Amino acid sequence: MISERHAPLGLALVFAFTVFLLALFTVHNNAFREVSAITAKEEFRFLKNDILEHVRNSTLGFQEILVLNLPKRTDRKDAMILAAVHTNIKPKWIDGVDGNDVLDLTLPLRPHQSPPSRASKGSWRAHLNALRSVVENDISSVLILEDDLDWDIHLKDQLFNFSLACRTLIQPLLPGPHDNETQIVPLYIEQTYPPPRTDQHNYGLPLEARYPTIPPHTSPYGDTWDVLWLGHCGMLMPSAFTPGHSSMRIRYTDTTVPARSNLDTNRSGSELIDAYPDHTRVVHHAFIPVCSLAYAVSQRGARRILYELSVRNYTSEYDNMLRELCDGEEMREGKLVCLTAQPAYFSHWRERGWRGKDSDIDVVGDDDEWREEGRSVNIRWSVRRNMGVFHEGEAVAWVDQWPD
Ligand SMILES: *[C@@H]1O[C@H](CO)[C@@H](O)[C@H](O)[C@H]1NC(C)=O
Ligand SMILES: *[C@@H]1O[C@H](CO)[C@@H](O)[C@H](O)[C@H]1NC(C)=O
Ligand SMILES: *[C@@H]1O[C@H](CO)[C@@H](O)[C@H](O)[C@H]1NC(C)=O
Ligand SMILES: *[C@@H]1O[C@H](CO)[C@@H](O)[C@H](O)[C@H]1NC(C)=O
Ligand SMILES: *[C@@H]1O[C@H](CO)[C@@H](O)[C@H](O)[C@H]1NC(C)=O
């Protein structure tokens, strides 16, 4: 029995190795394929009618922005609406769900699986209600936000670079002048960028040196993504040794990123601090993300998530189920294309006042701690922190939460 299994395994290994060698050969052959001959000027010729600028529209280049909010958390809705108008964003609202209103029989549980907690069910249902409306109304892409977030007042400039980086990761490259124009085989950055040697650290490609790509048609961030994980509490960067993940990264200096000594990477590993200079943003494929604070979903992504999490399996907290899909875990059918940035663009806003406010469950106990000043991690020119400054007019200096 066992030896019968070994023979095909051996063959498979030989085959895999041959494919690997062939791939290596192709990569090296293609590495100097005329991609570098295309100038930025050429790229901009293509960009003329590009939807790139849509990143700066009132829905950040998505068709809609949806904020999940329990109607009784009026405090959060008030503050989010102010933050949104100050940064010229127009969100719509989806009611949060109290887990007590979710029938256990609506969850796709395994036999004998015990029903999840009230908080877990409520969050699952609220996110799925948002995704269901995306599927039902054939929305091309949506950005889903929790209602206690903070972001930088430069968000639109930040997302501009993010969209260029995403395109570099997932769009086909522009054909070079010597390519056979009657039959263009799409090539991706991965196939032309020399893979790092095993003794090298994979820092990724600088954004300034990106290869020009074919402009996308459906979204300014590219045509083939499922999830853009813009707000998380932590995330790892896949390396050349991470199975099933592309290890391609795009890096650039973004002055809105706090210096390394001010960065919070508690749930991300320390790679951003150890391996990159101050004020570096790295865009890459998602790997072990934590917290679904803010994430964009394409129509294709919304259908797949709704199917997996409402029809197929309820395994744990919503953010962890989304992670299973991005990481392509075994119990899921296939893997989503999920891109992200480190540090994230959205972060939890910890409100001034009793710490109990951080949760939707109304308990403010005796030993509950009072927070003197609101704060968020990894956001410098915080829209929340600057809320008062907006009312004072433009002459006033913005507050930098994490100055160098
Ligand atoms: C913003 O751009 C996206 C992508 O092109 C588009 O779907 C959306 O309708 C635009 N939003 C507004 C308010 O124009
Ligand atoms: C380009 O590709 C087509 C289709 O494979 C082929 O028929 C043609 O001969 C090629 N032209 C050149 C110049 O290689
Ligand atoms: C955008 O990227 C360029 C490098 O291509 C960099 O010079 C610029 O500072 C970046 N801006 C932001 C806001 O990330
Ligand atoms: C992250 O870790 C540092 C050092 O252990 C700690 O001081 C800081 O409070 C942590 N940040 C968060 C948000 O937990
Ligand atoms: C997931 O759902 C499928 C189809 O309903 C089922 O066959 C499978 O056992 C489930 N797996 C887990 C881990 O729940």
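Keep in mind that this is a model prediction, so the values were computed, not measured. Note that ligands are numbered from 1 as they come in the structure, with each ligand's atoms numbered from 1 the same way.
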Is any N or O atom of Tyr252, backbone or side chain, closer than 3.5 Å to an N or O atom of ligand 3? no
Does the N or O separation between Asp157 and ligand 3 drop below 3.5 Å for any pair?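 There is no such contact.
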Flag side-chain contact, heavy atom, 4.5 Å: Tyr345 against Asp152: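 No, every pair of side-chain atoms sits at 4.5 Å or beyond.
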Is any side-chain heavy atom of Ile305 less than 4.5 Å from a side-chain heavy atom of Asp226? no
Region of Thr253 that comes within reach of ligand 3 [heavy atoms, distance under 4.0 Å]: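 Under 4.0 Å from ligand 3, Thr253 contributes backbone atoms alone.
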Contact partition for Arg312 relative to ligand 5, non-hydrogen atoms under 4.0 Å: both
Distance under 4.0 Å to a non-hydrogen atom of Asn313: what atoms of ligand 5 satisfy this? 1 (C), 2 (O), 3 (C), 8 (C), 10 (C), 11 (N), 12 (C), 14 (O)
Check: Phe390 ring centre within less than 6.0 Å of Trp398 ring centre: yes
Regarding Asp104 and Lys121, does a basic nitrogen lie under 4.0 Å from an acidic carboxylate oxygen? yes
Using every non-hydrogen atom in the two residues, find where Val297 and Ala302 come nearest and quote the distance to one decimal.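 Val297 and Ala302 have their closest heavy atoms at CG1-N, 3.1 Å.
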Contact table, ligand 1 N/O with protein N/O, distance under 3.5 Å:
unit_1: ligand 1; atom_1: 2 (O); unit_2: Asn57; atom_2: ND2; d: 2.3
unit_1: ligand 1; atom_1: 5 (O); unit_2: His54; atom_2: ND1; d: 2.6
unit_1: ligand 1; atom_1: 11 (N); unit_2: Asn57; atom_2: ND2; d: 2.9
unit_1: ligand 1; atom_1: 11 (N); unit_2: Thr59; atom_2: OG1; d: 2.9

Using the six-membered ring wherever Trp is involved, compare the ring planes of Tyr318 and His127 and label them parallel, tilted or perpendicular (cut-offs 30° and 60°).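 Plane angle under 30°, so parallel.
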Should the pair Phe62 and Tyr221 be assigned to parallel (<30°), tilted (30 to 60°) or perpendicular (>60°) ring geometry? parallel
List in chain and number order the residues that pass side chain to side chain donor-acceptor pair (under 3.5 Å) with Arg132, two or more places apart in sequence or in another chain; answer none if no residue qualifies. none
